[in-house]
S.K.: 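First the structure, then my questions, so here it is.
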There are 2 protein chains.
Amino acid sequence: MSQTVDRALSILPLLAEGPADLGQVADRLGVHKSTALRLLRTLHEHGLVYRQSDQRYRLGARLFALAQEAMENLDIREIAHPHLTRLNDSCGHTVHLAVYEEGEVLYIDKVDSRYPVRMYSRIGKPVAITVAAVAKLLLADLPEAERRAVAEKLDYPAYTPRSTPNAPAFLTELEKVREQGWATDLGGHEESINCVAAPIRGADGRVVAAMSVSAPNVVVSADELLTLLPLVRRTADTISGEYSGRNPVTAQ
Amino acid sequence: MSQTVDRALSILPLLAEGPADLGQVADRLGVHKSTALRLLRTLHEHGLVYRQSDQRYRLGARLFALAQEAMENLDIREIAHPHLTRLNDSCGHTVHLAVYEEGEVLYIDKVDSRYPVRMYSRIGKPVAITVAAVAKLLLADLPEAERRAVAEKLDYPAYTPRSTPNAPAFLTELEKVREQGWATDLGGHEESINCVAAPIRGADGRVVAAMSVSAPNVVVSADELLTLLPLVRRTADTISGEYSGRNPVTAQ
DNA sequence: CAGCTACGTTGCGTGTACTGCAACACTCAT
DNA sequence: ATGAGTGTTGCAGTACACGCAACGTAGCTG
């Protein structure tokens with residue numbers, strides 16, 4: 001690995017915490033000011049950092065544009081989106097699409113026609129991985145070894161009394177999810193929110209993404225939400241079929 | 001600036017166009033494969049690129065998280081948001097918030113309660129800078145020299161017959177906008193869409209952001225939309241006041 | 001206003017760490 | 001099997017990134 005690049009890239013998460021001046025950056029990197037300056041200049045030239053009027057540095061605009069383009073290029077999202085909106089039309093609840101990447105699960109799409117939700121507050125943000133229904137599906141499909149490794153490394157925050165408490169409980173839950181081919185989150189993240197989720201598979205049967213429908217208790221009970229399961233699974237299967245290049249699938 | 005970092009960062013926009021394999025990256029950088037490999041590995045370690053199952057590289061998840069955090073740290077957005085939603089409540093149209101940064105104008109917030117718009121398709125995306133009302137306001141406030149320099153460098157795509165045709169036309173338009181303290185886009189980007197916009201100023205009077213209300217012709221005529229101008233300007237002024245720390249924030 | 005400190009910036013010699021080469025390992029087609 | 005196409009590794013030479021020290025410029029303080 002390249003030392004110089006490594007140092008330069010370490011600046012980004014540092015600036016993500018908030019603006020910093022040259023001295024602070026140099027200190028936290030453990031390098032001389034002149035070195036930090038050169039790195040910052042290079043980052044600046046690529047638009048990844050921006051120098052605000054008080055001369056301090058913060059993350060730059062190009063970052064948005066890149067994240068943007070990266071998102072647009074995810075073909076799963078492209079394919080899934082119309083199906084997600086259609087599902088949303090017919091049930092009215094929030095629909096999420098998520099993928100797994102290197103120990104993290106992220107939402108890559110969301111449809112919610114009812115409320116003016118600030119979408120970017122979730123898209124791209126790591127999911128509550130130990131409780132979210134989509135996370136369970138994505139992790140359940142990992143190879144045994146990796147699954148256990150990831151499960152061991154995670155924190156298990158007790159969002160609610162129903163949150164997954166620890167790694168063993170999580171692993172047995174994943175096993176169950178794996179068997180049944182779908183997952184739920186019943187008040188595990190927020191007391192009053194329930195979700196049902198189904199996997200989207202590639203041509204080789206591996207899970208490439210997962211989608212879920214979420215609704216608060218006050219609108220529909222958990223049991224009522226579960227009646228949507230067949231519809232969710234059918235939608236996921238349709239997307240799977242289209243993603244694999246097969247003709248729209250009628251299986252359920 | 002640093003050559004190594006420069007090369008590494010050049011990989012990012014390259015991958016933004018779509019996934020690429022090692023050879024392609026090396027070619028487009030004009031370096032040896034082993035060099036490209038080392039750079040990619042470093043980027044990978046920082047989560048900025050991801051290696052998909054077919055071994056090709058694409059942009060990684062950390063990018064979203066970073067863009068995310070950068071966004072959250074923009075205090076203008078924080079302050080403006082409740083005012084934007086309130087404006088949206090009272091008029092029902094789409095409301096945008098945008099800032100200028102290094103030759104680009106970007107939307108950093110958007111409220112649209114009516115339709116299930118895919119918000120992220122605009123947030124963070126560079127604005128049609130030659131025609132958008134918010135862009136005119138932001139550019140109009142630049143120092144003479146910079147304004148001209150930017151105007152000269154721009155492309156002037158003819159989105160519609162009413163699009164700004166060239167740099168001189170743009171500069172006179174900016175002059176007008178500067179004088180009157182507000183701006184419009186009447187079908188300059190999309191034939192049937194009109195916008196009115198107002199500037200948000202910092203304590204020193206400089207324009208730090210701009211906000212706009214947009215609506216299609218079929219809903220309200222351009223004249224009708226213009227009747228909203230006082231409301232838009234009042235909202236912008238309120239935000240300006242709060243941003244400058246003048247008016248202490250009152251409980252909502 | 002002089003003197004101070006704190007900060008960003010510049011030029012330069014030294015030596016590190018980045019580069020490109022060449023050889024290797026591997027997967028697919030033919 | 002054999003070949004062409006990948007990605008990967010170790011190594012020697014040298015470009016280039018590093019830290020130093022000196023300078024420029026603010027912003028305080030007496």
S.K.: Checking all strands, does B/R51 fall into the base, sugar-phosphate, or nothing category for heavy-atom contacts under 4.0 angstrom?
M.R.: sugar-phosphate
S.K.: Starting from P on D/dT8, measure out to CG on B/D21 and report it in whole angstrom.
M.R.: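 Going from B/D21 (CG) to D/dT8 (P), I get 11 Å.
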S.K.: Figure out the CG/C1' separation between A/D27 and D/dG19, and round it to whole Å.
M.R.: 15 Å
S.K.: Expressed in angstrom and rounded to an integer, what is the separation of A/R7 atom CZ from D/dA17 atom P?
M.R.: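 Those two atoms, CZ and P, are 12 Å apart.
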S.K.: Provide, to the nearest angstrom, the distance between the CG atom belonging to A/D6 and the C1' atom belonging to D/dC18.
M.R.: 15 Å
S.K.: If you find the nucleotide of DNA chain C closest to A/L22 and the one closest to B/V31, which residue's nucleotide is nearer the 5' end?
M.R.: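 Going by which nucleotide is closer to the 5' end, it is A/L22.
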S.K.: Under 4.0 Å between a side-chain nitrogen and a carboxylate oxygen: does that hold for A/R62 and B/E101?
M.R.: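 Result for this pair is no, no salt bridge flagged.
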S.K.: Near B/R51 CZ, under 6.0 Å, is it more than 12 heavy atoms from other residues, nucleotides or ligands?
M.R.: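 Atom CZ in B/R51 is crowded, with more than 12 foreign heavy atoms closer than 6.0 Å.
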S.K.: Are the side chains of B/V207 and B/L142 in touch, meaning some heavy atoms are under 4.5 Å apart?
M.R.: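 No, side chains not in contact.
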S.K.: May I ask you to list the residues of residues 38-47 of chain B, by number, that have any heavy atom positioned under 4.0 Å from an atom of DNA chain D?
M.R.: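 B/R41, in order of number.
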S.K.: Taking atom types as modelled, find out whether A/D109 and A/H96 have a side-chain donor-acceptor pair closer than 3.5 angstrom.
M.R.: no
S.K.: Report, as a single string ordered 5' to 3', how protein heavy atoms within less than 4.0 Å touch nucleotides 22-30 of chain C: B base, S sugar-phosphate only, - not at all.
M.R.: ---------
S.K.: Please give, in whole Å, the distance from D/dT8 C1' to B/Q55 CD?
M.R.: 10 Å
S.K.: To the nearest Å, give me how far apart CD (A/Q3) and P (C/dC18) are.
M.R.: 5 Å
S.K.: Output the rounded distance in Å from CE (A/M1) to C1' (C/dT19).
M.R.: 16 Å
S.K.: A side-chain contact here means heavy atoms from C-beta on lying under 4.5 Å apart; do A/L87 and A/M211 qualify?
M.R.: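 When only atoms from C-beta onward are counted, A/M211 and A/L87 do touch, with a gap below 4.5 Å.
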S.K.: Below 4.5 Å, heavy atoms only, C-beta onward: do B/K136 and B/F170 meet side chain to side chain?
M.R.: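 Side-chain contact under 4.5 Å: yes.
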S.K.: Considering just the side-chain nitrogens and oxygens of B/T4, establish if one lies under 4.0 Å of OP1 or OP2 belonging to D/dA17.
M.R.: yes
S.K.: Can you tell me if B/T35 touches the phosphate of C/dG20, counting only side-chain N or O atoms and a distance under 4.0 Å to OP1 or OP2?
M.R.: yes
S.K.: Is there a side-chain contact between A/I11 and A/L29 (heavy atoms, below 4.5 Å)?
M.R.: yes
S.K.: Salt bridge between A/E179 and A/K176, side-chain N to carboxylate O under 4.0 Å?
M.R.: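 Here A/E179 does not pair with A/K176 in a salt bridge, since their nearest N and O are not under 4.0 Å apart.
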S.K.: Between C1' on C/dC18 and CG on B/L29, what's the gap in Å once rounded to a whole number?
M.R.: 14 Å
S.K.: May I ask you to test the A/L37-A/V25 pair for a side-chain heavy-atom distance under 4.5 Å?
M.R.: no
S.K.: Give DNA chain D the dot-bracket treatment, 5' to 3': Watson-Crick (N1-N3 with N6-O4 or O6-N4) or G-U (N1-O2, O6-N3) under 3.5 Å, [ ] crossing, | other strand.
M.R.: |.||||||||||||||||||||.||||.||
S.K.: Can you tell me if CZ on A/R148 sees more than 12 non-hydrogen neighbours from other groups inside 6.0 Å?
M.R.: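 Counting neighbours around CZ of A/R148, 12 or fewer heavy atoms of other residues, nucleotides or ligands fall under 6.0 Å, so no.
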S.K.: Taking the side chain as C-beta and beyond, is there a heavy-atom pair between B/M1 and A/H46 under 4.5 Å?
M.R.: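 No; the side chains remain at least 4.5 Å from each other.
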S.K.: Do the side chains of A/H32 and A/R38 get nearer than 4.5 Å, heavy atoms only?
M.R.: no
